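Working notes, beginning with the structure itself.
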Protein chains: 2
Amino acid sequence: MAKEGADMTEETQFMIDTNPGKEPEHVESSGDAKEMRAVVLAGFGGLNKLRVTKKAMPEPQDGEVKIRVKACGLNFLDLMVRQGSIDNPPKLPIVPGFECSGIVESVGENTAGFEIGDRVMAFVNYNAWAEVVCTPADFVYKMPEEMSFAEAAAFSLNFVAAYMMLFEVANLREGMSVLVHSAGGGVGQAVAQLCSTVPNVTVFGIASCSKHAAIRDSVTHLFDRNVDYMQEVQKISPEGVDIVLDCLCGENTAKGLTLLRPLGTYILYGASNMVTGETKSFFSFAKSWWQVEKVNPIKLYEENKVIAGFSLLNLLFKHGKCNLVKSVMDKLLCLFDQKKIKPVVDSLWALEEVKEAMQRIHDRGNVGKLILDVEKSPTPLMASDSTETSEAGEEEEEPEGDNDSKERMPFIH
Amino acid sequence: MAKEGADMTEETQFMIDTNPGKEPEHVESSGDAKEMRAVVLAGFGGLNKLRVTKKAMPEPQDGEVKIRVKACGLNFLDLMVRQGSIDNPPKLPIVPGFECSGIVESVGENTAGFEIGDRVMAFVNYNAWAEVVCTPADFVYKMPEEMSFAEAAAFSLNFVAAYMMLFEVANLREGMSVLVHSAGGGVGQAVAQLCSTVPNVTVFGIASCSKHAAIRDSVTHLFDRNVDYMQEVQKISPEGVDIVLDCLCGENTAKGLTLLRPLGTYILYGASNMVTGETKSFFSFAKSWWQVEKVNPIKLYEENKVIAGFSLLNLLFKHGKCNLVKSVMDKLLCLFDQKKIKPVVDSLWALEEVKEAMQRIHDRGNVGKLILDVEKSPTPLMASDSTETSEAGEEEEEPEGDNDSKERMPFIH
């Protein structure tokens, strides 16, 4: 931990310098009991912007639950947050992370439904990647006994998103067909499992070749992401598909709409193609906004097609749909109890290994979900690697002024 | 009928002159049994382009049903066809009309499910406004005993469209809210009735003031089409509505999307605002295509919204979804049997009164459906009016070159 201590001081200094209006971090806190380890994002950019540091431990406010975190989910969106490639990026520094599992340590006033010691999983509006998290009880769900903490951290976001897209936004029914990009990812695997709960559903999956062996059984037809998937799908199903789930955006939007059958639904639930690989991409969201192809409502009318957008985090934290999400979670936990669905965990990483974990998503190495295991010690080799190697996305040596004009390999989900 | 005979000759002459490649109409047919009366559209434009004439009676092909027509439905789309304001307008001359009811007179080879004498209602890809119609058995449905021919002609298109939009495209459920334009029209009244079959659904209806007394009980909140309906809806329901059904297009698309709650669905099912009132509007469809506001998929993602287009006629005649429509019709006939829905007939018109009927839609005079009653004789006064008066849309006296540049009152649904 000595290394982390040194990092912390440097990081703190950086944050105070560039955020004069912010309160200084409580690095010199009086007692250990009020501090916690957390991953902190100090600036938008490469992996080097992430540090594990100590922070003041939060206390639950009215209606909140305080959770001793056991495991956190890592999503592609966390990469986009790190790069600042999302709409309304957060004020920095911030603790990233939108979901975790753990044990209830205390509850705030007027917080009903939870007791100390409850095993729970939760959505958090940032701040998940820490030893302790406080979040409104509306976003907290009790875990089934048979579910591990790692599984729980892999469950919430991916399965709720997959379920709501398939059954709330689209209307998946017997005999339909579904095309899913990033079939090997957390959402992709959740989609495949949920499709298997409906009779006679055909799943077209697109994934990197390296994942094909691992996920071949989860989908009906599997394509390499480097082939012309439109042509491949049309060969098998000339009339197209009923549902397209797209986390890439860009040219895939037009392709997805073209592939739809009449009354079919295209759902955009991410824009990972918008990440161009620059470490400083404050403007990439605005750029992508203008670059994505707009849709003419009259064309939808002529073709009897549906286009939808789905952002679970906005639904929860901006649109106040926590009751609906709660009802979806109840249905999903029934399916879990019936052993019809089971989260796929790719790998566990210590908080200090967050850079390696992000690199793995960047390299498209994962099958299923990457989990930050808060109680895990970093693997010695990897811990030393993390500061020695220069990965894609790690650009400490390069002058910042160059970054904006550089085009590097895009991150791909 | 002497007048019609004179019209017929003139019309036939016109059609032969301007369509040299076409077969001449069989006006001098050998026997009365092989002729029928039909409404013919000879050119795109005003009401004067419609004539009742005699045509050769069609005979059923393989898989077709020959229907002795009793009643036909008149839709706003028929006005747009008359003006040529639709995509891919038909080659003229043509018999307009997309739906009818009547009695099976014969069936073609390989036609299963129907017998001579069956009371039926049917979709037709044009040609409905005639004494006899042939259409594939896939588009024909047996009528309930309790349903009149006028009701049947008012039933098919409006109720199937309303049902599919509410329950297939959107997913209307208990407690939701629906905004419907043209609430007094055939689809609007079908939407209101179908919403009442689901508990606790709030219907916001927009209609001309003159219809309010007649339809007030069918919706929860009724607004005049001349008020700022966005403001009125937001006063009552600040969070917006779950489903918007829009047959107008234009600025209403952006308004409808704005009014949607998260996970709400906007459905465009017509573009009657695109009718600008010119009698020669061959280019109005192309113009409207470019004028309508395009939708950014990323905006849908951020806002968790859904936009859909719905065209029942394309679904039937281009997209081959007759089995799905059949299953919807079965459900609707159950609801009819249970007396939960009942088509609203505005008025009955003789074929010879088609101009007056169209004028009534144009003048927003109808509550519910206008029906062409094939066996009805024209009301003497109206029959004489139809050739003497000069209505909006009737521009025989005006030089054609002026029409394109003129802006007249738009037709409003």
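We name chains A, B, ... by the order of the sequence lines, and we start the count at 1 in each one. In this text, all values refer to a predicted model and were calculated from it rather than measured experimentally. Below, each value reflects all heavy atoms present in this structure, side chains not excepted, and no hydrogens, waters or symmetry copies.
Residues that satisfy the side-chain hydrogen bond (donor to acceptor under 3.5 Å, both in side chains) test with B/Ser156, not counting sequence neighbours, are absent from this structure. Legend: residues meeting side chain to side chain contact (heavy atoms under 4.5 Å, CB included) with B/Asp228, ordered by chain and number and at least two apart, are B/Met230, B/Gln231.
Within residues 254-265 of chain A, the residues having any heavy atom closer than 4.5 Å to a heavy atom of chain B are A/Pro262, A/Leu263, listed by residue number.
Smallest separation of non-hydrogen atoms from A/Phe76 and A/Ile361: CD1-CG2, 3.5 Å. Scanning all heavy atoms of the two residues, the minimum distance from A/Gly205 to A/Ala183 falls at CA-CB, 3.8 Å.
If you measure heavy-atom distances from B/Lys321 to chain A, the contacts under 4.5 Å come from the side chain alone. Interface residue B/Thr253: only side-chain heavy atoms are found under 4.5 Å from chain A. When heavy atoms are compared at a cutoff of 4.5 Å, A/Ile267 does not approach chain B at all. For B/Leu313, no part lies near chain A; criterion is any non-hydrogen pair under 4.5 Å.
A salt bridge does not link B/Asp78 with B/Arg82: none of the charged nitrogens is closer than 4.0 Å to a carboxylate oxygen.
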For residues 164-174 of chain B, please give each side-chain donor-acceptor pair under 3.5 Å, one per line with the distance, not counting sequence neighbours.
{"unit_1": "B/Glu168", "atom_1": "OE1", "unit_2": "A/Arg173", "atom_2": "NH1", "d": "3.3"}
{"unit_1": "B/Glu168", "atom_1": "OE1", "unit_2": "A/Arg173", "atom_2": "NH2", "d": "3.4"}
{"unit_1": "B/Arg173", "atom_1": "NE", "unit_2": "B/Asn171", "atom_2": "O", "d": "3.1"}
{"unit_1": "B/Arg173", "atom_1": "NH1", "unit_2": "A/Glu168", "atom_2": "OE1", "d": "3.3"}
{"unit_1": "B/Arg173", "atom_1": "NH2", "unit_2": "A/Glu168", "atom_2": "OE1", "d": "3.4"}

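Counting heavy-atom pairs closer than 4.5 Å to chain A, the top-ranked of the candidates B/Ile307, B/Leu312, B/Asn314 is B/Ile307. Chain B forms the most heavy-atom pairs under 4.5 Å with one residue out of A/Glu239, A/Lys305, A/His319, and that residue is A/His319. Of the listed residues A/Val306, A/Asn304, A/Leu315, the one with more heavy-atom pairs under 4.5 angstrom with chain B than any other is A/Asn304.
Although no hydrogens or angles enter the test, the distance criterion places no donor-acceptor pair under 3.5 Å between the side chain of A/Ser237 and the main chain of A/Gln234.
Below 30°, between 30° and 60°, or above 60°: for B/Phe317 and B/Phe139 the angle between ring planes is above 60°, a perpendicular geometry. Ring pair A/Phe123/A/Tyr141 is perpendicular by interplanar angle, where above 60° counts as perpendicular and below 30° as parallel.
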